[in-house]
Number of protein chains: 2
Amino acid sequence: MKKAVSTRLSILQKSFELIYTHGYQATSIDTIIATTNVTKGAFFYHFKNKDEMGLAVINEIMYPLMYADFVKPLLNSDDPANDIFKMMHYLLLENEFLLKKYGCPAGNLTQEMSPVNQQFSEALSKLTTELKEAMQIALKKGKDSGRIRPDINEEQVALFVLSGYWGIRNFGKLSEDNNYYVVYLKELKSYLNNLEKKEF
Amino acid sequence: MKKAVSTRLSILQKSFELIYTHGYQATSIDTIIATTNVTKGAFFYHFKNKDEMGLAVINEIMYPLMYADFVKPLLNSDDPANDIFKMMHYLLLENEFLLKKYGCPAGNLTQEMSPVNQQFSEALSKLTTELKEAMQIALKKGKDSGRIRPDINEEQVALFVLSGYWGIRNFGKLSEDNNYYVVYLKELKSYLNNLEKKEF
DNA sequence: CATAAAAGATACCGATTAGTATTCTTTACA
DNA sequence: TGTAAAGAATACTAATCGGTATCTTTTATG
């Protein structure tokens, strides 16, 4: 029961990378098994079809990754405006897996698959909602502690910030350099600053 | 020379709709010719391959549409904060062609094709840059007339707003109703308000 | 009207797609 | 250690893909 698990996981891991860089529909099963050295028999032993594998990528690879790297830190934040900015700065300019050229894995998959496949839509919605709610909780805590202005609406802000992130990742694809990201981050900083109480 | 032009145009028009609703790579030439009642011979008479057709869709359908509906109004705006909001409100809640489920045509195509095809990337970049610069010009005019705060950075704001739009269109795909759009627009209004001089 | 070019129709091609059927090998455990 | 089930390998299928070759029809112009 050890080898089998690692086979399954290597399929998911490699598929995640291929889907991220090439899109879901453009990633063929033949490509996956070729780049993982897994045979078709093994692939279809672990997944009854391609979509089941795609859903497993969301639930077993993308979700845990996002939870550990972003949801958890947000839930522990005492300085939301600053921590949100740091997170975005990290995602856009520092993270070495998320290449500018390829955008955001969750954003890409949402755009491609949510109109086509209801199950994908639900899985991605869960992922996204969790991140948004974590951000809302962080903002609420910031309100309670007095750092954040009491008149802001957490849900509005969370949605606004996450939308901006997905959008700028799309802009990023159009440029060779990081200039879009740098300009975006400046305005994000100004926007987030404005959420904080002046006396802070 | 009349029928031929209309054949070509009907290919482009139908392709645009199919690409918008199904994605570029998922739209096959066979599907296009089936839904347009154009034969393969006619298709390949007008376009030497699929990508040439795709580029024509961007340049001859999407670009003029965007220019007339958004660039031009922005260039004529004397009240940028208000006009940008109205434009977004129209795009998200009123326009009947842009269905929530399918996102933004330019955003979709950018996400799918810019990592894959340099020519697509350039054509889309031109489209996007033009819109962004129109917004910057409108904001600059607003600054000059005193409506807009002199300390804001037009490029930052334009990029921030357009990113938000692309992002929220992606969010929209995940929900059945318009709630995401409504929440987003509230925060956008507050953000845009903050760009205006207080005495106004 | 003749004719050449423009425009369109039809049949086909090799490659690739997701998925299946069948067989072989490894592993767990009595 | 024997055996059944888990896991993996191989060979195949029908459908679809973008594109081509070849042929027919329409249109513009002398």
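Because the structure is a prediction, the values reported are computed rather than measured. Labels below follow one simple rule: chain letters A, B, ... track the order of the sequence lines, proteins then strands, and each chain is numbered from 1.
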Among the nucleotides [options], which one has an atom lying closest to any side-chain atom of [X]?
X	options	result
Thr39(A)	dG19(D), dA8(D), dA18(C)	dA8(D)
Ile29(A)	dA18(C), dG19(D), dA8(D)	dA18(C)
Phe44(B)	dG19(C), dT10(D), dT20(D)	dT20(D)
Asp30(A)	dT17(C), dG19(D), dG8(C)	dT17(C)

Give the rounded distance in Å between these two atoms: [atom1] of [X] and [atom2] of [N].
X	N	atom1	atom2	answer
Ile33(A)	dT16(C)	CD1	C1'	12 Å
Gln25(B)	dT16(D)	CD	C1'	15 Å
Asn49(B)	dA15(C)	CG	P	19 Å
Lys50(B)	dG19(D)	NZ	P	8 Å
Tyr45(A)	dT20(C)	OH	C1'	17 Å

Return no unless some side-chain N or O of [X] is found under 4.0 Å from OP1 or OP2 of [N].
X	N	result
Ser28(A)	dT17(C)	yes
His46(A)	dA6(D)	no
Thr7(B)	dG8(C)	yes

>> Quick check against the 3.5 Å criterion: does Tyr102(A) have a side-chain atom that pairs as donor or acceptor with the backbone of His22(A)?
In response: no

>> If we ignore hydrogens and angles and just use 3.5 Å, is the side chain of Thr27(A) paired with the main-chain N or O of Gly23(A) as donor and acceptor?
In response: yes

> At under 4.0 Å between heavy atoms, what does Thr31(A) touch on the DNA or RNA strands: base, sugar-phosphate, or nothing?
Replying inline: nothing

> Does Lys143(B) NZ have over 12 foreign heavy atoms under 6.0 Å away?
Replying inline: yes

>> Out of the candidates Tyr165(B), Tyr191(B), Tyr180(B), only one should pair with Phe160(A) under the ring pair (Phe, Tyr, Trp, His ring centres under 6.0 Å) rule; please name it.
In response: Tyr191(B)

> Which residue pairs satisfy the ring-ring contact (aromatic ring centres under 6.0 Å, His included) criterion with at least one member in residues 113-139 of chain A, sequence neighbours excluded?
Replying inline: Tyr24(A)-Phe120(A)

>> Could you check whether the side chain of Lys40(A) and the base of dG19(C) have a donor-acceptor pair of N or O atoms closer than 3.5 Å, going by distance alone?
In response: yes

